[in-house]
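Please read the structure below before turning to the comments.
Only this structure's heavy atoms are used, side chains among them; waters, hydrogens and symmetry mates stay out. In this text the structure is predicted, and so the values were computed from the model without any measurement.
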Amino acid sequence: MSLNFVSPVRYLSWIVISGLVCLFILMVFQDYAAGYGDFRRTLLEELLMRWKDPTWQHGLLAPFIAGWLVFRQKDALAALAPQRSWLGLAAILFALFAYYGGYKANNYYMGAFGIQLFLAGVVLYTLGWNHVRALVFPWLILGFMWPLVFLEDGVSYRLRVLMVESVTLVLNGIGLETLRTGTGLTSAATAHYARGELFSLKVDGPCSGMRSLFALLMVAALFGYFRQHTLVRRLFLFLCAFPLAVVANMARIFLLIGGSMLFGQDFAVGNETQEVSTFHFLSGIAVYLVALAGLQGISWLMNRFLGKAPKETKSAEVVQKDTIQSRAPMIPAAICLVLTILTICACQFSPAMRAGESVGVIMELPSGIGRFLGDPLEPDKVEKDLLPPDTQLAKMRYRSAGGNPETCDMANVTIVLAGAERRSIHRPEVCLDGQGWTLLESAIVPVEITPGHILQVKDLHISREVVRADNTKSTLSAHYLYWFVGTDVTTPSNWTRTWLSTWDNITRSVNHRWAYPSITVWVTENLDPKESGQRKRSSTESVALATELIRELVPKFQTQFQP
């Protein structure tokens with residue numbers, strides 16, 4: 001077979017143009033995902049919507065920064081000889097399969113992963129490993145354009161709890177007595193001030209550090225790339241963004257507390273008419289100033305004690321090749337385009353998802369079961385604020401018959417049934433953190449519902465600090481048992497739930513409408529029955545009470561165990 005000779009610029013132009021056409025088809029042409037609803041957004045529409053959120057605004061800059069990083073290497077890239085790799089074609093096929101799977105599962109993140117891997121595969125397949133190595137950093141920077149909203153639940157709450165605990169420790173250490181309730185900070189009562197008079201601060205999601213963390217990660221990556229000369233030192237500087245984000249946001253909380261004590265709560269934080277005060281808004285600048293100063297300081301210390309990067313010496317001029325020898329140079333680009341079109345056709349003509357009308361639970365709890373009587377409970381304000389309006393809830397407080405606290409058992413039972421949005425159902429650990437509970441340990445508990453039929457539930461042993469009527473602190477512990485129920489499947493694992501949903505979406509075109517039942521039982525061995533309204537009960541006895549209720553209740557509301 002004869003060789004064709006093409007100029008490097010022309011060859012790279014074919015690759016770039018075909019790649020852009022593929023991206024246009026995958027991100028702009030194809031309606032992709034939007035939760036559990038019937039409507040779909042393209043990936044570009046999803047990005048534009050998410051980039052309006054201050055937490056993810058930095059993502060808008062990522063494509064431009066990545067493009068600039070590629071442009072500054074244009075001469076070096078043009079001089080590299082293309083050495084195609086068939087591993088790139090394998091990466092492209094896997095990426096497009098992930099894209100198709102995300103379409104079927106209505107999962108934006110699988111589409112983001114597919115696009116990111118697709119770009120790497122195209123470079124590897126059409127240009128080779130030399131180009132991949134040269135472009136790996138711009139490719140990583142491009143990854144910052146994808147908003148990872150699923151991290152907000154877990155990471156945001158963890159950051160809030162970490163900061164509140166750290167600030168409380170520091171304030172109590174310097175003699176400013178502070179009470180922590182969930183993710184809120186309140187000044188303790190003193191001889192001169194009532195509780196909360198000096199300051200009362202609620203650390204909400206925007207103040208958790210999430211808004212600064214991911215932007216700082218991108219800045220730290222760029223900072224390390226240009227200020228350090230080894231991979232280890234660049235990686236270390238990048239990882240420093242995590243503690244710096246925490247420290248910087250702690251500094252902001254100290255500013256808000258100081259402002260509240262000196263100038264009043266309305267001035268420092270805000271009020272009903274001015275939800276966020278000017279001082280509160282400006283304090284956000286301190287987050288970036290502290291974090292950037294920290295990055296600069298750490299970089300200076302590394303250069304000071306480990307040595308600066310060697311001075312660049314003038315290298316020989318890059319010899320620009322006039323031509324590239326290649327058999328059918330347009331074939332790799334054409335194959336990428338054909339595979340992209342085939343993927344879109346697979347999306348367009350795939351079987352429609354079966355509607356999620358069928359559910360695995362009956363949203364009604366019995367008023368009496370076994371030795372227990374039930375009192376209906378209304379959803380609290382936190383649940384109403386966090387959950388979408390179409391989420392269904394059934395809540396009941398069960399207590400054993402008789403009014404004697406010395407012999408009474410109590411437990412709260414809740415069933416949450418997802419509506420149209422994915423955020424209706426999430427890991428309960430997220431809400432528990434937000435309510436001030438600390439996870440001590442977790443375990444999977446098997447409960448035999450009927451002979452030979454075992455239900456696996458997850459038991460979370462939790463505790464939190466409570467303030468008694470006499471303003472003294474004590475620790476309350478409890479057991480929170482939960483599991484997830486799909487159309488025809490049950491699991492105690494959130495990751496398993498996510499995987500089962502995705503797998504059944506792809507292979508069976510089944511869209512589970514998930515529910516999760518939960519039971520909360522206090523450990524009352526250190527509580528006065530007159531105070532708690534129930535008998536003293538050890539941790540083991542509390543778990544036994546919860547499993548007893550599960551055994552009695554599950555056949556009443558979970559269709560899987562009904563005749």
The test is side-chain contact (heavy atoms from CB on, under 4.5 Å); show your working for Arg84 and Thr126 and say whether it passes. CA-CA 5 Å; Arg84 303 170 192 163; Thr126 60; 5.5 Å; no
Take Leu237 and Met302 through the side-chain contact (heavy atoms from CB on, under 4.5 Å) test and state the conclusion after the steps. CA-CA 9 Å; Leu237 196 60; Met302 284 195 293; 4.0 Å; yes
Mind running side-chain contact (heavy atoms from CB on, under 4.5 Å) on Leu393 and Thr391 for me, showing each step along the way? CA-CA 7 Å; Leu393 287 98; Thr391 305; 4.2 Å; yes
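Taking each heavy atom of Trp51 and Met145 in turn, the nearest pair found is NE1-O, 3.0 Å. Of all non-hydrogen atoms in Leu124 and Gly88, the two that sit nearest each other are CD2-N, 3.5 Å. The two atoms that bring Ala62 and Met218 nearest to each other are CB-SD, 4.2 Å, heavy atoms only. When all heavy atoms of Leu244 and Ala291 are compared, the closest pair comes out as CD1-O, 3.8 Å. Scanning both residues, Met110 and Gly102, for their nearest heavy atoms gives CB-CA, 3.5 Å. Between Ser18 and Ala333 the shortest heavy-atom distance is OG-CB, 3.4 Å.
The closest side-chain heavy-atom distance from Leu148 to Trp56 is below 4.5 Å. In this structure the side chain of Phe113 reaches within 4.5 angstrom of the side chain of Phe94, judged on heavy atoms. No side-chain heavy atom of Tyr103 sits under 4.5 Å from any side-chain heavy atom of Thr343. Side chains of Cys347 and Gln30 form a contact here, defined as non-hydrogen atoms less than 4.5 Å apart. Proximity of Val359 to Val485: side-chain heavy atoms (C-beta onward) are nowhere separated by under 4.5 Å. You'll find the side chain of Gln456 stays beyond 4.5 Å of the side chain of Val447, heavy atoms only. Side chains of Asn130 and Leu80 form a contact here, defined as non-hydrogen atoms less than 4.5 Å apart. With contacts defined as side-chain heavy-atom distances shorter than 4.5 Å, the pair Leu48/Glu45 does not qualify.
Residue Leu43 holds its CG atom at 11.5 Å from CZ of Arg41, rounded to the nearest 0.5 Å.
Classified by interplanar angle (parallel below 30°, tilted 30° to 60°, perpendicular above 60°), the ring pair Phe484/Tyr482 is perpendicular. The aromatic rings of Phe238 and Phe242 stand perpendicular to each other, their planes meeting at an angle above 60°, with 30° marking the opposite boundary.
Both the sub-6.0 Å distance and the 45° axial angle are not jointly satisfied by Arg233 relative to the ring of Phe236.
Side-chain contact check for Trp129 and Gln83: no donor-acceptor pair (N or O, by modelled atom type) lies under 3.5 Å. For the 3.5 Å distance criterion, the side chains of Ser299 and Gln228 qualify, holding a donor opposite an acceptor. Inspection of the Arg252 and Asn249 side chains reveals no N or O donor paired with an N or O acceptor under 3.5 Å. Trp483 and Gln558 share a side-chain donor-acceptor pair at under 3.5 Å. Asn303 and Arg227 form no side-chain donor-acceptor contact under 3.5 Å, judged by distance and modelled atom types alone. Defined by atom type and a distance below 3.5 Å, a donor-acceptor pair is present between the side-chain atoms of Tyr480 and Ser518.
Exactly one residue among Thr490, Leu481, Thr491 makes a side chain to side chain contact (heavy atoms under 4.5 Å, CB included) with Val457. That residue is Leu481.
Between Tyr32 and Tyr99, a ring centre-to-centre spacing shorter than 6.0 Å is recorded.
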